[in-house]
Asks: 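Below is a structure I'd like to ask you about.
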Amino acid sequence: MKVLIAEKPSVARDIAAIVGANNRKDGYLEGNGYAVTWAFGHLIGLAMPQDYGITGFQAENLPILPSEFKLLPRQVKDGKEYKPDPGVMKQLKVIRELFNKCDLIINCCDAGREGCLIFRYIYNYLECTKPFDRLWISSLTDQAIRKGLENLRPGKGYDNLYASAKARSQADWVIGINASNALSISAGHGVWSLGRVQTPTLSMICSRYLENKDFRPQTYFQVKLHTAKDAMQFAIISTERFGSKQEADEILNRVRSAESVNVISSERKEANQEPPLLYDLTALQKEANSRHGFSADKTLSVAQSLYEAKLISYPRTGSRYISDDVFAEIPALIGQLSGYAPFGSYAKTLSGTSLNRRSVNDKKVTDHHALIITENMPKDISADQRIIYDMIVARVLEAFSEKCTKENTTVSLDASGVAFSVKGSVILIPGWRAVLNASDEEKGDDEAPALPSLSNSDILPINGTDLLEKQTKPRPLHTESSLLSSMETCGKELTDEAEREAIKESGIGTPATRAAIIETLFSREYIVREKKSLVPTNKGLVVYLAVKDKKIADISMTGEWENALSKIEKGEMDADTFHRGIEVYAAQITTELLGAKIEGGGNQRESCPCPKCKSSQVVFYQKVAKCQDEDCGLIMFRNKSGKDLTDGQMKELLTKGKTGIIKGFKSKAGKQFDASLEMDDVFNIKYKFSEKKKRN
């Protein structure tokens, strides 16, 4: 008898139908010489410190570095204790009995790192020594399952993948347990959670939030000029920004006095824009968040349901490419879309054409190829499933369409010695953009949708002028989309698709785990959503301020580890070497965190009534004062122009709305100045100078 074990009961049923195991038993399906059973995700995991005889938070126990890791069935809380989950124990008994009776085991868990770990932990916990094969498929269609069963691979061929999965699991345990224990000891109260990937991710959210809130906008001015040629009206903007209203008015008057504006140079260029690559999971999550407000976790959940409904390929993929053999199936997949209402007419235009091969590269396909549709068409699916499915359909059509051809125009002009510029862009051949009728990228103030034909030395009339008053803007708060980009590129601000692809292996987390990491930060109450933005809570800021300069928050180091795990998977690095490095690191962070100062920890902090919500307290921390009511959100930074305010000065400002004269502020030019601080009606803080200072 052969035993097949899947990751979930639903997948087991699909596989059982193919092999003819139609007799339902308790915990498995049987028939035709097969028994098909299942796990419920991670049935087995790493034991906790108490299972090694270590209880409570005691500095002398740290770092906790097991010489050999113990495996235990999944635990559930029973009163104050944790006990094995009865449902898990029952299923493990079924699996054990089947393993003992069979001749061969076939691992049918999801074809990825975690699927490998789920099976191997069960296999090792049951002390099984039977031979096993691996079913490795990229979709759950009947055709894919049959083909996979005909081409089973030896289980030992995935030893490196298991070594990588186990190394990741043990590294997360060692770092998470030791860091969390050390921080909890430093705090002197409560349980504080840190993690190998979780903490650098929190660091990115908090640092962006503090940068955004501490940003002081600078006002600047630009001159806008209206002109025309051949009855086509357009506007141009001064290339220089003017720092004062007086200077801007002088420039405006000079331009108004001119009778015309001269074209200095005009350059037209045709540009080809390649279609976007196919989706991997992270790219799908980013766009679903930007366009539809889906969380990363929701997108993964919906995509997984489409995969299990046999409508799309394996969603937890990190590749945006397909191989040549998969490309051979694409014309037929596009052909079947001709009857699919939202995209049928466009799909017909690709029939018989030469498809774009930008997303085809055998060398860049990892465990799984990019997300594509299957030969099955959707029938009754939910609204959310329809959104994600249609996104994947649209991207498949875009990826294999021809380039978009544009004509870009850049014009430089002059009016009375004042330089102006304008850019224009016209789509000549829509190509892939016709799939969603997508317009060109969002245009800036100095861009026009189209421009007349302009030549060097053209003299154009001035039909009107405006003075534009603008303010510099901070980088926006992270959304899940921008955070996923930062996780993928290790915090580097990359906009070029090719550059992002090149650095992906050094990102933090993996496409399969990033959604769970973000959800962990929500469950720890470290972050909340405000519309689409991710905002740290008081608790999250306290953790960040305690660890932001520590190794545990180092984003690049976490990215290096992810790269190392990838090398273990490829057989290019030894897992034991990696683990020894993790143990050294754990000892270092333990020492650092035991000496950390926790804002709001053991000592009572200064506070005062909140002037905004009038119902809660503003608590003074080392760098900020923040209202304890999350819905209020009042925050005040201690440092103002290089000067740290005292608790007394902060309390005076919050309770009276102003302070006395404070000495020692520094301007951007490095000059010292004295001023009092005032809080306006919307709780912004401004400098107020004495009358004597004003006269001077």
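FYI, side chains are in, hydrogens and waters are out, and symmetry mates aren't considered; it's all heavy atoms of this structure. Note that the coordinates shown come from a computational prediction; the quantities given were computed from them, not determined experimentally.
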Asks: Going by atom types only, do S265 and N456 share a side-chain donor-acceptor pair under 3.5 Å?
Replies: no
Asks: Rounded to the nearest 0.5 Å, how far apart are CD of Q285 and CG of L483?
Replies: 11.0 Å
Asks: Taking side chain to side chain contact (heavy atoms under 4.5 Å, CB included) as the definition, give me every residue that meets it alongside K532, ordered by chain and number, with sequence neighbours left out.
Replies: T479
Asks: Taking salt bridge (Lys or Arg N to Asp or Glu O under 4.0 Å) as the definition, give me every residue that meets it alongside K245, ordered by chain and number, with sequence neighbours left out.
Replies: D249
Asks: Measure the spacing between CG of N356 and CD of E398 and express it to the nearest 0.5 Å.
Replies: 11.5 Å
Asks: Taking side-chain hydrogen bond (donor to acceptor under 3.5 Å, both in side chains) as the definition, give me every residue that meets it alongside T510, ordered by chain and number, with sequence neighbours left out.
Replies: T513
Asks: Does F637 have any ring-ring contact (aromatic ring centres under 6.0 Å, His included) partners at least two apart in sequence or in another chain, and if so, which?
Replies: none
Asks: Rounded to the nearest 0.5 Å, what separates atom CG in L654 from atom CD in Q617?
Replies: 10.5 Å
Asks: Salt bridge between K406 and E270, side-chain N to carboxylate O under 4.0 Å?
Replies: no
Asks: Mind checking whether Y687 and F673 have ring centres under 6.0 Å apart?
Replies: yes
Asks: According to side-chain hydrogen bond (donor to acceptor under 3.5 Å, both in side chains), who are the partners of T410, at least two apart in sequence or on a separate chain?
Replies: none
Asks: Using a distance-only test with no angle check, is there a side-chain donor-acceptor pair under 3.5 angstrom linking R256 and T465?
Replies: yes
Asks: Pair up each side-chain donor or acceptor in residues 200-209 with any protein partner under 3.5 Å, not counting sequence neighbours, and list the distances.
Replies:
residue: T201; atom: OG1; partner: V197; partner atom: O; Å: 2.8
residue: S207; atom: OG; partner: S203; partner atom: O; Å: 2.9
residue: S207; atom: OG; partner: M204; partner atom: O; Å: 3.3
residue: R208; atom: NH1; partner: P476; partner atom: O; Å: 2.9
residue: R208; atom: NH2; partner: E493; partner atom: OE2; Å: 3.2

Asks: Could you tell me if S359 and R320 have a donor-acceptor pair between their side chains, going purely by distance under 3.5 Å?
Replies: no
Asks: Tell me yes or no: between the side chains of S290 and S481, is some donor less than 3.5 Å from an acceptor?
Replies: yes
Asks: Without swapping roles, check the side chain of S616 against the backbone of C627 for a donor-acceptor pair under 3.5 Å.
Replies: no
Asks: Verify whether one side chain among T227 and N463 offers a donor that lies under 3.5 Å from an acceptor in the other.
Replies: no
Asks: Knowing that exactly one of I685, L677, N639, T659 qualifies, which makes a side chain to side chain contact (heavy atoms under 4.5 Å, CB included) with L645?
Replies: L677
Asks: Are R433 and Q273 close enough that a side-chain donor and a side-chain acceptor fall under 3.5 Å?
Replies: yes
Asks: Tell me, please, which residues at least two apart from K298 pass side-chain hydrogen bond (donor to acceptor under 3.5 Å, both in side chains).
Replies: D384
Asks: Can you tell whether the side chains of K403 and E274 come within less than 4.0 Å, N to carboxylate O?
Replies: yes
Asks: When you measure from the side chain of D230 to the backbone N and O of M232, does any donor-acceptor pair fall under 3.5 Å?
Replies: no
Asks: Could you tell me whether a side-chain N or O of T299 sits under 3.5 Å from a main-chain N or O of S295, the two making a donor and an acceptor?
Replies: yes
Asks: If we count only N and O atoms by modelled type, under 3.5 Å, do the side chains of K626 and N538 hold a donor and an acceptor together?
Replies: yes
Asks: Tell me every residue that passes ring-ring contact (aromatic ring centres under 6.0 Å, His included) with F400, counting only those two or more places apart in sequence or in another chain.
Replies: F327
Asks: Is a donor on one side and an acceptor on the other found under 3.5 Å between the side chain of K686 and the backbone of D680?
Replies: no
Asks: With sequence neighbours excluded, tell me which residues meet ring-ring contact (aromatic ring centres under 6.0 Å, His included) with Y389.
Replies: Y340
Asks: Please name all residues satisfying salt bridge (Lys or Arg N to Asp or Glu O under 4.0 Å) with E287, sequence neighbours left out, ordered by chain then number.
Replies: R291, R395
Asks: Y526 and T520: side-chain hydrogen bond (donor to acceptor under 3.5 Å, both in side chains), yes or no, with the steps?
Replies: CA-CA 9 Å; Y526 287 166; T520 296; over 6 Å; no
Asks: Surrounding CD of E247 (heavy atoms of other residues, nucleotides or ligands, distance under 6.0 Å), is the total greater than 12?
Replies: yes
Asks: Does a donor on one side chain sit under 3.5 Å from an acceptor on the other, for S244 and Y220?
Replies: no
Asks: Check this for me: Q471, atom CD, are more than 12 non-hydrogen atoms of other residues, nucleotides or ligands nearer than 6.0 Å?
Replies: yes
Asks: Sequence neighbours left out, what passes ring-ring contact (aromatic ring centres under 6.0 Å, His included) with F215? Give chain and number order.
Replies: none
Asks: Measure the spacing between CE of M487 and CD1 of I518 and express it to the nearest 0.5 Å.
Replies: 5.5 Å
Asks: Hey, are E407 and R268 close enough for a salt bridge, meaning a charged N less than 4.0 Å from a carboxylate O?
Replies: yes
Asks: For F242 and I251, what are the C-alpha separation, side-chain angles and deciding distance, and is it a side chain to side chain contact (heavy atoms under 4.5 Å, CB included)?
Replies: CA-CA 9 Å; F242 308 105; I251 297 296; 3.8 Å; yes
Asks: Give me the atom names and distance for the closest heavy-atom approach of Q222 to S238.
Replies: NE2-O, 2.9 Å
Asks: Taking side-chain hydrogen bond (donor to acceptor under 3.5 Å, both in side chains) as the definition, give me every residue that meets it alongside D414, ordered by chain and number, with sequence neighbours left out.
Replies: none
Asks: Distance alone, cut at 3.5 Å: any donor-acceptor contact between the side chains of T282 and D280?
Replies: no
Asks: Before giving the answer on side-chain hydrogen bond (donor to acceptor under 3.5 Å, both in side chains), spell out for S676 and K658 the whole-Å C-alpha distance, their side-chain angles and the decisive distance to 0.1 Å.
Replies: CA-CA 7 Å; S676 58; K658 60 183 179 180; over 6 Å; no
